[in-house]
Structure formats: structure tokens, C-alpha cells
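The shown structure was predicted, so the numbers you read here are calculated from the model rather than taken from an experiment. We name chains A, B, ... by the order of the sequence lines, and we start the count at 1 in each one.
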Amino acid sequence: MLNTIKKVGAGVTALTLSTTLALANPYEEYAGETLVVNFPAHPHFDAVMKVLPEFTKETGIRVEVDQLQYLKMREKQTLELTKNKGDYDLIAYVVFSKADYVYADQLENLAKYFMNPKLADPGYDAGDLIDGYVGNIGVAGGTKGYLPGPTGSLFGIPFGSETSILGYRQDIFDKHGLEVPTNYEELLDVACKIPELEPGMGGLASRAASGHHASHAFLLHLAPLGGRIFDDNWNPIVNNEAGVKAAEALKTIVDCGVEGAETFGFAEAGASFLQGNSAMFLDSTVFAGQVNNPSKSKVVGKVAWAPHPVGTRAGSQTGGFGIGIPGNAQNKDAAFLLMQWLTSKNADKMIAIAGGNPSRFSTHADPEVLAVHPHLKVFGEALKNADPDWRPIIPVWGKINADIGTSLSKVLTEDADIQEALDGVAARARDIMEGAGYYTWN
Amino acid sequence: MSAVARANRLTPYMFLAPATVVLVFALLYPIGYMVYASFLDWSPSQRIGEADFIGLRNYANLLTDAAFLESFWVTIKFAAVVVTLEMIIGVGLALLLDRNIRGLSLLRTIFILPMMIAPIVVGLMWRYMYHPTVGIFNRTIKNLGFEQGIPWLSDSTWSFIAVVIADVWQWTPFIFILALAAMQSLPRSALEAAEIDGANEWQKIVLIKIPLMMPVLIVTLLLRLIDAFKVLEVIMVLTNGGPGLSTEIVALRIFRTAQEFQELGEAAAMSNLLLIMLMALTIGMFMYTKIQEARTARMLKAAQAEDE
């Protein structure tokens with residue numbers, strides 16, 4: 001009898017345990033489903049591809065990845081998101097798509113998923129996500145419409161995001177006893193000193209080519225030097241003192257760069273640094289992965305990193321990618337589970353070790369991660385000053401951005417007057433904003 | 001009219017019907033779509049049905065858009081310069097090689113190689129050749145003892161020259177091949193008659209060969225002009241329209257308006273303006289061709305009469 005009771009007791013306990021375990025497995029309901037996701041061909045997502053099989057092993061949910069070149073990805077998403085029933089359950093989007101997708105009601109508001117106890121992981125620790133990235137890539141509807149604020153909501157989670165960082169040649173700095181620049185004065189000073197100390201070598205390799213590249217380089221300096229494109233009422237202020245200073249800084253950097261620096265895009269500026277032709281590089285963190293790759297770099301083991309120098313304020317860029325659930329996705333709950341898993345502490349760490357860009361502060365301080373990528377410690381420090389508002393994320397930005405880029409290209413290549421060029425940008429930006437209805441309430 | 005007669009009368013139209021339907025859908029529908037889109041304030045995030053109808057506002061905006069007007073001017077300048085150079089060099093080469101030379105077919109094959117290369121590759125290739133420090137041109141200039149190289153892609157005048165050189169390099173062979181073919185099919189009788197009359201080589205070229213080749217040359221010119229107005233990839237890779245807007249041709253502006261600015265309606269309006277201009281050019285050239293053909297026919301008739 002005692003044996004029977006023991007057996008029943010053991011059976012009940014086993015059943016209870018198994019039921020509890022079954023209930024505790026949030027993935028079980030979705031096991032066997034196949035999610036279709038759309039990612040760009042990008043070093044971060046290449047690292048993600050190495051980690052994704054772990055998700056399937058852990059959850060039983062299969063993932064099919066449509067990895068496309070970035071512009072192709074954008075084109076395909078444009079078509080996909082307007083369909084009644086989309087093929088994608090989860091998409092990676094570049095930060096500028098946030099303005100378009102949210103405005104067109106094509107991305108799911110994530111509140112309902114984080115409110116769902118069956119889906120939301122209580123151990124997710126959203127506070128550990130890099131707030132500059134979240135504000136820049138994830139949130140919309142708050143301050144200025146594209147930033148966090150009392151009316152803002154979360155539409156995506158940063159994933160493959162980037163900030164700006166200063167890479168410098170430790171050997172060259174040591175050789176000449178140069179101090180690592182911490183502010184703009186020092187940065188410009190050392191950028192122009194290097195060509196004198198190391199003939200043939202440029203100071204700082206920067207983007208400068210006409211269009212997006214020149215605009216990006218200018219904006220990189222505008223925010224730390226205290227400027228913005230618009231004030232809080234959308235009046236263009238790009239031509240104020242801070243704007244002029246930022247353009248002057250860019251011109252100084254290009255003038256003290258290697259021959260032909262005016263034509264550099266991101267790739268050429270990076271190549272100049274990797275080939276040992278420039279002593280510094282101030283741009284996206286995504287570049288860091290190539291520095292110690294002997295097949296691409298001649299400066300292996302010679303580069304150290306420092307936060308983006310401070311101007312009147314500390315402010316490094318924010319950009320790159322986020323992930324979101326399309327409004328027309330077929331498997332939204334499972335897609336949320338994947339999204340949550342990919343941006344969890346554990347996956348963020350695995351992806352970082354595999355060479356991706358971490359989205360969390362804790363990953364930047366993780367000893368296992370730092371053992372493989374020691375530079376991430378500095379990146380983590382720099383990210384405390386990541387500025388989500390270093391450039392506006394509004395639908396008409398493309399046109400203003402192109403205009404800034406072409407106007408500054410004239411400054412860099414034809415010595416056009418900086419004040420005049422920026423006044424022209426401000427006047428044309430006002431027309432564009434007027435046409436888009438930004439002054440309706442003035 | 002009897003039923004048989006009616007059926008006979010309709011038969012040709014029935015045979016033509018499938019081709020007409022295909023033509024309407026393959027040609028007119030996309031053009032109609034583009035014309036309709038140009039009246040819309042349409043972003044790629046919207047279905048076309050959701051876009052606001054704004055009438056002619058896109059066209060009105062374009063006519064006061066300094067950047068678009070500049071790109072239009074750059075395009076005209078670019079097309080005029082490249083086509084003129086390509087015609088002169090292409091026809092000149094054809095005149096030079098219109099004789100029995102050993103290895104001519106090999107030479108011809110080598111000449112047409114550039115036009116077989118994908119424009120993106122041509123753009124990349126020239127971009128590296130124009131590179132300020134490691135490019136072959138500036139390296140050669142420096143090896144010759146000059147301190148500074150040419151700012152091929154960082155000066156507005158040199159950038160324009162750089163894209164012209166790349167285009168001329170790629171497309172002169174097209175003119176050469178057609179001109180050579182036209183030259184080799186000229187009626188020998190006209191040339192022999194000229195020789196008998198004591199015409200020298202220059203007179204034969206100016207008075208016989210060029211006038212007789214004119215219909216072919218005009219079609220060739222037209223094809224190149226249309227292409228030059230639409231050129232995109234090489235310039236996109238070489239200069240991306242810069243410095244400033246110095247090499248931003250209309251096709252690149254259209255691409256950026258649609259892709260970067262996300263304004264499909266405005267991009268469609270630009271395309272239509274380009275289309276209208278090309279159509280006007282084509283009609284003008286065809287009218288000129290008709291006149292030239294009539295003139296050539298008169299010349300041939302006169303030559304034949306002389307032969308008889």
C-alpha cells in the first residue's frame with residue numbers, strides 16, 4: 001500500500017513538475033513554426049547568423065533569413081510592408097526607415113507584447129539597453145515626433161546599432177609623444193600636426209564626398225560643438241555659430257588629411273586608416289571589426305580607441321539598425337519572442353563575441369566579451385554620451401541631408417564661403433519644411 | 001456588305017490585335033502609370049491609391065528647384081560634349097581603318113571591348129585610375145616630376161572632364177562599329193566616279209562618304225544622345241554627382257529623389273520631363289533624317305545616272 005502511495009505520489013509530483021515545466025516554457029506553443037526574417041548584409045548580422053541556430057535549438061522555432069544588401073533590403077521592405085499579408089515576421093530596419101514605417105503605421109507598437117505575461121520575459125532588463133540607441137532607433141511619437149518623451153512608444157529594439165568612436169595610431173602617438181585628443185581643440189590641433197610630424201600621412205581620415213558622406217561628417221561634429229539642424233520649433237539653425245564651427249572643423253580635418261581626402265566616402269576614409277595613410281579615424285564603431293584583420297589592415301595591433309572628443313557637450317552619433325515586427329506579419333507573437341531572445345543579455349553577449357555590435361551596456365563590460373574584444377570597454381564608455389538627436393529623423397530629411405552634403409562639398413572642394421553655404425542650406429530647408437507642413441501651427 | 005467580305009475586312013485587325021494588346025500593356029501602361037504618378041504626392045510607404053492627388057504641383061516645384069535645374073543643365077552639357085567627342089573620334093577611327101588592313105577584325109574586337117563591360121565596373125575601374133595618390137594618372141604625373149597630381153574627382157571642372165573621359169572611352173566604339181559598317185556598305189560606284197573626276201581623299205570623305213553615311217550617322221547620334229541623357233551608373237560610382245552638383249545628371253537626380261528623398265511623385269515628374277525632352281529630340285532628328293534621306297537618294301540617283 002505504502003509503495004502504491006509512493007508511486008502515485010511520485011507520479012503526481014512528476015506530472016505536476018512536467019505541467020509546471022510545460023507552462024514555464026513560453027516557446028512551446030510556437031515550436032515547429034517557421035519565422036521569416038529580413039536582415040541586411042552587414043557584419044553585425046553576419047555574427048547573428050552564427051548565433052541563430054541556438055534560438056531554434058532552445059525554442060523549437062525555426063528561422064528563415066532573407067539577408068539582402070542594405071539598399072535592396074529597403075526596396076524589398078517598401079513593397080512587403082504595403083501588402084495585406086506580409087512575408088516577413090521580423091525585419092531589421094535602418095534608423096531612417098523608422099520615420100517612414102511608423103508614420104505609415106507599418107510597424108507594431110511593442111507595448112502590447114511587453115504587457116503580455118506569456119510573451120514578456122521578466123528578466124529581460126530593458127534598462128540595460130543603451131538608452132541613446134533606444135531613443136534613436138526604437139522609440140517614436142515623443143519629443144519632436146521621433147524621440148522619446150511622454151507621448152512616445154516603442155516600435156523597435158536597437159540591433160546592429162552604432163556610435164562614433166575615435167580610432168588612433170598608438171605607435172604614431174607614442175613616437176611623437178602626442179596626447180590622445182579629448183576635446184575638439186586638441187583633435188584639430190593634432191590632426192594638423194601629424195602631417196608635419198609624419199610627412200605623407202594624413203591627420204584624420206574623414207568622409208567628405210559630395211552628398212550623404214559630407215553631410216554625415218558635418219553632423220558628426222555639429223552635435224558635440226553644440227549645434228542642431230532645427231530648433232524646437234523646426235526653424236533651421238544650422239547656419240548659427242555652432243554650425244559654422246562644425247563646418248570649419250570638417251574643413252580643417254579634410255585640409256589636414258591625405259591628398260584627395262575631399263573625395264572620401266566611408267570606405268575610402270576607412271581604407272586610408274587601414275592602409276596606414278592616416279593617423280586617426282572618427283566614425284562608426286562598425287569599422288572596428290576590420291582593424292585587426294590582417295587581410296584588410298596594415299595597422300594590426302597598432303590602433304587604440306578613445307571616446308568621440310567633446311566640444312561644448314559630449315555627443316557621439318547614433319545610427320545603424322533596429323528590429324521590429326511588421327504590421328502585416330503572420331506570426332507576430334513568435335516574432336516578438338525571437339526579437340526578445342536576440343536582444344536578451346545572453347544573446348547580445350553571444351553575438352558580441354561572434355563580432356556583432358552589442359545593444360546593451362552590460363555586454364560592453366562583460367569579462368568574457370572583453371577578453372575577445374577589449375576595445376568594447378571604451379565603446380561602452382562612449383555610449384554613455386550617445387546622442388539620439390544628432391540628426392533629425394523626419395520623412396523630408398533625405399532632401400535636406402543631400403542639400404547639406406552638396407553645399408558642404410562646395411566648401412571642401414571649391415572653398416565656398418561657409419556662412420553663405422549654410423545660409424543657403426537653412427533657407428532651402430525652411431522651404432522644404434514649409435512644404436511638408438511643419439509650420440502649420442506657427 | 002456580305003458576312004464574308006466583313007470577315008475579310010476584319011481579318012488583318014484580328015491578326016494585329018494580340019500585338020496591339022501587348023504593346024498597350026508593355027509600353028503604354030507603364031508610361032501612363034508614370035504620368036499618373038507624377039500628379040501624386042506619393043511616398044514608397046504608401047500604396048499608389050493612398051497617395052494624395054496634387055495636380056501639377058510636382059512640375060511647378062521642379063521648375064523652381066535650383067538643384068533640378070542645375071542637374072538638367074549638367075545633363076545637356078554632358079550629353080552634348082560626350083556625343084560630339086564620340087562622333088568625331090568614332091567616325092574618325094572608322095575613316096582611318098576603312099581599308100584592307102591585316103588583323104582588322106582583331107582590332108575591331110579590341111575596340112568594342114569597352115562597351116561590353118558593365119557600366120558599374122567601368123565606373124569602379126576609372127575611379128581607381130583617378131585615385132589621387134595610387135591612381136595611374138596621378139602616379140604617372142608625379143613620376144614625371146610634377147609635385148601635385150590632378151584633382152580628378154575633387155574639383156568640379158576636373159570631375160566633369162573625368163566623367164566625360166570615362167563615357168567617351170566606353171561608348172566611342174559603338175559609333176566606330178556602326179560608322180565602319182556604314183562606310184563599308186557604301187556604293188563603290190559613287191567613290192569610283194569621284195576618283196575618276198579627280199577627287200582627293202579629303203574631298204571623297206567630305207563630299208561622298210559623310211553625306212552618304214548621314215542617315216546611319218544620325219540614327220547613331222540619336223541612340224547615343226538618348227543614352228547619354230540617361231547615363232547613371234558610371235557617374236554614380238565615379239562622383240555620385242559631386243563635387244557639389246557639378247556632375248549630378250538628371251538620371252542620378254531622379255534616382256536620389258525616389259530612393260533617398262522617398263518622393264516617387266516628384267521623381268516621376270522628372271522622368272516625364274526627361275521623356276518629353278528626348279521625344280522632342282527624337283522627332284526633330286527623325287525629321288532631319290527624312291530630309292537627309294531624300295537628299296542622299298537624289299545623290300545616288302545622280303551617281304547612277306552618271307554611271308549609265
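In this structure, B:His131 has its ring center at least 6.0 angstrom away from the ring center of B:Trp126. Checked against a 6.0 Å centroid threshold, the rings of A:Phe321 and A:Tyr93 do not count as neighbours.
Heavy atoms of A:Ser407 lying under 4.5 Å from chain B are absent altogether. Of the two parts of A:Arg74, only the side chain, counted from C-beta on, holds a non-hydrogen atom closer than 4.5 Å to a non-hydrogen atom of chain B. Using a 4.5 Å cut-off between heavy atoms, A:Glu414 contacts chain B through its side chain alone, with no backbone atom that close. If you measure heavy-atom distances from A:Ile400 to chain B, you find no contacts under 4.5 Å at all. Contact of B:Asn138 with chain A is made through the side chain alone, with heavy-atom distances under 4.5 Å. Residue contact with chain A, scored on non-hydrogen atoms closer than 4.5 Å, is absent for B:Ser43. With a 4.5 Å cut-off on non-hydrogen atoms, B:Glu50 does not touch chain A at all. Heavy atoms of A:Gln77 lying under 4.5 Å from chain B are absent altogether. Interface remark: B:Arg57 contributes no atoms to any contact with chain A (heavy atom separation under 4.5 Å). Only the side chain of B:Gln262 comes within contact range of chain A, judged by heavy atoms closer than 4.5 Å. Contact annotation for B:Pro44: both backbone and side-chain heavy atoms come within less than 4.5 Å of a heavy atom of chain A.
Contacts with chain B were tallied for A:Lys410, A:Lys83, A:Lys399; A:Lys399 has the most, counting heavy-atom pairs under 4.5 Å. Between chain B and the residues A:Gly435, A:Gly260, A:Ala209, the largest count of heavy-atom pairs under 4.5 Å involves A:Gly260. Interface check for chain A: of the options B:Gln148, B:Gln259, B:Gln46, the most heavy-atom pairs under 4.5 Å are formed by B:Gln259. Contact tally against chain B (heavy-atom pairs below 4.5 Å) for A:Asn84, A:Val396, A:Val411: the top residue is A:Asn84.
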Pair up each side-chain donor or acceptor in residues 236-250 of chain B with any protein partner under 3.5 Å, not counting sequence neighbours, and list the distances.
residue: B:Thr239; atom: OG1; partner: B:Ile235; partner atom: O; Å: 3.3
residue: B:Thr239; atom: OG1; partner: B:Gly241; partner atom: N; Å: 3.1
residue: B:Thr239; atom: OG1; partner: B:Thr247; partner atom: OG1; Å: 2.6
residue: B:Ser246; atom: OG; partner: B:Gly242; partner atom: O; Å: 3.4
residue: B:Ser246; atom: OG; partner: B:Pro243; partner atom: O; Å: 2.7
residue: B:Thr247; atom: OG1; partner: B:Gly241; partner atom: O; Å: 3.2
residue: B:Thr247; atom: OG1; partner: B:Gly242; partner atom: N; Å: 3.3
residue: B:Thr247; atom: OG1; partner: B:Gly242; partner atom: O; Å: 2.8
residue: B:Glu248; atom: OE1; partner: B:Arg256; partner atom: NH1; Å: 2.5
residue: B:Glu248; atom: OE2; partner: B:Arg253; partner atom: NH1; Å: 2.8

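A donor atom on one side chain and an acceptor atom on the other are found under 3.5 Å apart for A:Lys298 and A:Gln275. A:His213 and A:Ser215 share no donor-acceptor pair across their side chains, judged by distance under 3.5 Å alone. Of the N and O atoms on the side chains of B:Tyr59 and B:Asn272, at least one donor lies less than 3.5 Å from an acceptor on the other residue.
Panel note: side chain B:Asp52, backbone B:Ile54; no donor-acceptor pair is recorded below 3.5 Å. In this structure, A:Asn239 contributes its side chain and A:Val244 its backbone to no donor-acceptor pair below 3.5 Å. Of the possible polar contacts, none joining the A:Asn401 side chain to the A:His212 backbone as a donor-acceptor pair under 3.5 Å is found.
A:Cys256 is not listed as a side-chain neighbour of A:Leu204, based on a closest heavy-atom distance of 4.5 Å or more.
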